[in-house]
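Residue numbering restarts at 1 for every chain, and letters A, B, ... go by the order of the sequence lines.
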Amino acid sequence: MSDVWVLVDHEDGTTSKVTHQLLTAARSLAKETGGEPVAVFLGNGWATAKERLEKFGAAKALVGESEDFAKYVASPQVEVLSKLITERQPWGVLFASVAGGKEIATRVAARLQLGVLADSTNVVVDGGKPVAEYSAFGGSTLVKKTLKKGPFLVCVKPNAFVAEEAPVSLKEESVDVAVSDDAKRVVVSERVQKEAGGRPPVESAAIIVSGGRGLQEPANFSVVEALADQLGAAVGASRAAVDAGWYPHSNQVGQTGKTVSPQLYIAVGISGAIQHRAGMQTSKTIVAINKDAEAPIFQMVDFGVVGDLFDILPKLTEEIEARKSG
Amino acid sequence: MPLKIAVCVKRVPDTAAEKKLDATDFTLDRESVESILNPVDEMAVEEALKLKESSDGEVTVISMGPEGAQANAIRKALSMGADKGVHLTDAALHGSDAQAVAYALSAVVRKGEYDIIFCGAESTDARTSLVPPALAENLGMPNLNFVKNITVADGIVTGHRETDRGYDVVQGPMPAVVGVVWGANEPRYPSFKGIMAAKNKPVETLALADAGIEVSRVGLEGSSTQVLEFGARPAERQKIIADNKDGEGHLKLADFLQEQKFI
């Protein structure tokens, strides 16, 4: 088979942006493999998902509706997907290269003795095989990798592709979702929601505004948050800010936090130590605001402003608001 | 009954150091940089030690890789308080990818019949975080990954797994593989006594055959992923710098963001 599958990343049928990006990638890969882009949907909320998958060009969908996919961690997906891959032998499967997607991909790989390409920032077909790019050593090195045999499992980072709408009428087929008792061993016993911040998660946001030591104290993160909200962005933090307890680790960008490549990354009061650069160097556009003209962050920016962030940020937020409404 | 606890560790290049790849086979030139115990693995060791202290268990540190620095990673964990080490080392392992590493580790873990296996959920070098779930899969064990607030009671492991919106409380039966997330705890520093005691703790060295590992599934040959090429990523940054001395930095930046269509 030459189809290119996308494992749909979603919550109760609300598909994530990265899923739409993966569908765009799958469409271009499928032109090379001579197959079709196929969405693999496991979980609840198919009706909601269907509409969005059609909009982004899923010609076909394999649909498995069951409570088990949300009730247990990863294993039901691993079991059902492994069986589908073995039976139908697609060209390959694209996964969102986020914690959950990589976890499923690596376990499917182990189960079927296949390889997996993780953290890909681009993927093309060459000689029938995937060639994926990823950046190593904090973005300083570009590595091209392939897999020796298929079906090919490829994890693609959020924002590696720009989602393009390509409406189609989707053919759906339901699949068997019965899983073994072994797949039901790790249970989600409770879901705890933080206060709804309304901001996108750092891992997949298109724009991130990050704050560092230059903010001087935790309350000052409010200027970063205000700018982020004006841009519809996620809020990130440097290790220094997280270690000081100013912001949660879940928002940390860097070698010991999240590795991100958004369309726009704005570093505020961050000097740009290698630890931080490692997590954001592959961002498409980088902006920095720092009072120290010698800060290493200015070596890697598209646009830098040397000056006092407490002066610049509030004015910038206002200016953006004015231009948006004007 | 005392628990048999394992913790898998690896050494990584120091996070602050510049790294390079070996030009002949595209593997990391590990001799060119200082290496340390993977910081997240230290947190896994800490979880193992906390469990040992509350359950009267025994902690075995497992690591794979070349002699020398890898042995130092084991020694560090022993000096923190682990009881013994197992070091899988064999020239044939060179160049193993994540799937091959997980397979090889699973053979070593299987020999020890552990109740619980801790790993750092990711390493600070490759960062793929592929190994712990693949290890669990190879062992046919449940996997709790990216967790903190880990507790063990009545044969059940419970942990908090971070999500985009908060966290999920996840639970699974032992034996299980537990991937410890960054920030799960403050790892203890080895005491002087601990460092001295570590010198006398047993470290078993295994080669492939000792662990029953098939040579065809490890190393560069046995790995499914293949590096085609690598090179310096050209820095294509515009490097426009505006000084805010004139108080118009925000306007220039807004112009830039508008040109780039972010506004």
K.L.:
Would you compute the distance between atom CZ of A:F298 and atom CZ of B:R237 and round it to the nearest 0.5 angstrom?
P.N.:
14.5 Å
K.L.:
Is there a side-chain contact between B:V227 and A:K144 (heavy atoms, below 4.5 Å)?
P.N.:
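No. Closest side-chain heavy atoms not under 4.5 Å.
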K.L.:
Check A:R185 against B:G140 and note the closest heavy-atom contact, atom names and distance.
P.N.:
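Scanning both residues, the minimum pair turns out to be NH2-O, 2.9 Å.
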K.L.:
Between A:K315 and B:E248, is there a side-chain N and carboxylate O pair less than 4.0 Å apart?
P.N.:
no
K.L.:
For the residue pair B:R217 and A:Q113, establish whether any side-chain heavy-atom pair is separated by less than 4.5 Å.
P.N.:
yes
K.L.:
Going by side chain to side chain contact (heavy atoms under 4.5 Å, CB included), B:L228 matches just one of A:T146, A:D126, A:V143. Which one?
P.N.:
A:T146
K.L.:
How long is the span from the NZ atom in A:K129 to the CD atom in B:Q226, to the nearest 0.5 Å?
P.N.:
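The NZ atom of A:K129 sits 6.0 Å away from the CD atom of B:Q226.
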K.L.:
For the candidates A:K149, A:Q230, A:Q263, which exhibits the highest count of non-hydrogen atom pairs separated by less than 4.5 Å from chain B?
P.N.:
A:Q263
K.L.:
Is chain B contacted by the side chain of A:Q299, its backbone, both, or neither, given a heavy-atom distance below 4.5 Å?
P.N.:
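For A:Q299, the contact with chain B is made by backbone and side chain together.
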K.L.:
State, without any angle test, whether A:D311 and B:N244 hold a side-chain donor-acceptor pair at a distance under 3.5 Å.
P.N.:
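A donor-acceptor contact under 3.5 Å links the two side chains.
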K.L.:
Would you call B:K239 and A:M300 a side-chain contact if the rule is heavy atoms closer than 4.5 Å?
P.N.:
no
K.L.:
Using non-hydrogen atoms only, which part of A:V73 is less than 4.5 Å away from chain B: side chain, backbone, both, or neither?
P.N.:
side chain
K.L.:
Out of curiosity, B:E229 CD to A:L142 CG, how far, rounded to the nearest 0.5 Å?
P.N.:
7.5 Å
K.L.:
Contact between A:V287 and B:Q260 at the side-chain level, heavy atoms closer than 4.5 Å - yes or no?
P.N.:
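No, too far: nothing below the 4.5 Å cut-off.
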K.L.:
Between A:K258 and B:E162 (salt bridge meaning N to carboxylate O under 4.0 Å), is one present in this structure?
P.N.:
yes
K.L.:
Checking heavy atoms, do the side chain of A:V188, its backbone, both or neither come under 4.5 Å from chain B?
P.N.:
both
K.L.:
If we define contacts as heavy-atom pairs under 4.5 Å, which of B:P133, B:A98, B:G172 has the most with chain A?
P.N.:
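Most pairs with chain A among the choices: B:P133.
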K.L.:
Between A:S250, A:G115, A:G304, which has the largest tally of heavy atom pairs under 4.5 Å with chain B?
P.N.:
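Highest number of heavy-atom pairs under 4.5 Å: A:G304.
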K.L.:
Should A:V186 and B:Q171 be marked as a side-chain contact (heavy atoms from CB on, under 4.5 Å) after you check the CA-CA gap, both sets of side-chain angles, and the distance that decides it?
P.N.:
CA-CA 5 Å; A:V186 183; B:Q171 292 189 314; over 6 Å; no
K.L.:
Given that the side chain runs from C-beta out, which part of B:A134 has a heavy atom under 4.5 Å from chain A: side chain, backbone, both or neither?
P.N.:
both
K.L.:
Examine whether an atom of A:L313 lies under 4.5 Å from a heavy atom of chain B, and if so say whether it belongs to the side chain, the backbone or both; otherwise answer neither.
P.N.:
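Interface part for A:L313: neither.
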K.L.:
Any side-chain heavy atom of A:D302 within less than 4.5 Å of one from B:I240?
P.N.:
no
K.L.:
How far apart are the C-alpha atoms of A:V305 and B:K252, what are their side-chain angles, what is the distance that settles it, and do they pass the side-chain contact (heavy atoms from CB on, under 4.5 Å) test?
P.N.:
CA-CA 9 Å; A:V305 183; B:K252 291 173 190 158; over 6 Å; no
K.L.:
Just verifying a value: how many Å separate B:F256 CZ and A:L264 CG, rounded to the nearest 0.5 Å?
P.N.:
8.0 Å
K.L.:
Can you tell me how far the CD atom of B:E122 sits from the CD atom of A:Q255, to the nearest 0.5 Å?
P.N.:
10.0 Å
K.L.:
Between B:T158, B:L257, B:L251, who has the most heavy-atom pairs with chain A when the cutoff is under 4.5 Å?
P.N.:
B:L251
K.L.:
Non-hydrogen atoms of chain B under 4.5 Å away: do they reach the side chain of A:L114, the backbone, both or neither?
P.N.:
backbone
K.L.:
Which heavy atom in B:W182 sits nearest to a heavy atom in A:Q252, and how many Å separate them?
P.N.:
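What the structure gives for the nearest pair is NE1-OE1, 4.4 Å.
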K.L.:
What I'd like to find out is whether the side chain of A:E103 reaches to under 4.5 Å of the side chain of B:L130, using heavy atoms alone.
P.N.:
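A:E103 does not reach B:L130 side chain to side chain.
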K.L.:
To the nearest 0.5 Å, tell me how far A:S189 OG sits from B:D168 CG.
P.N.:
8.5 Å
K.L.:
Report which part of A:V116 has an atom under 4.5 Å of a heavy atom belonging to chain B: side chain, backbone, both, or neither.
P.N.:
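Looking at A:V116, backbone and side chain both touch chain B.
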K.L.:
Can you tell which part of A:T285 gets under 4.5 Å to a heavy atom of chain B, answering side chain, backbone, both or neither?
P.N.:
both
K.L.:
Other residues, nucleotides and ligands only: do more than 12 of their heavy atoms fall within 6.0 Å of NZ on A:K148?
P.N.:
yes
K.L.:
Non-hydrogen atoms of chain B under 4.5 Å away: do they reach the side chain of A:L231, the backbone, both or neither?
P.N.:
side chain
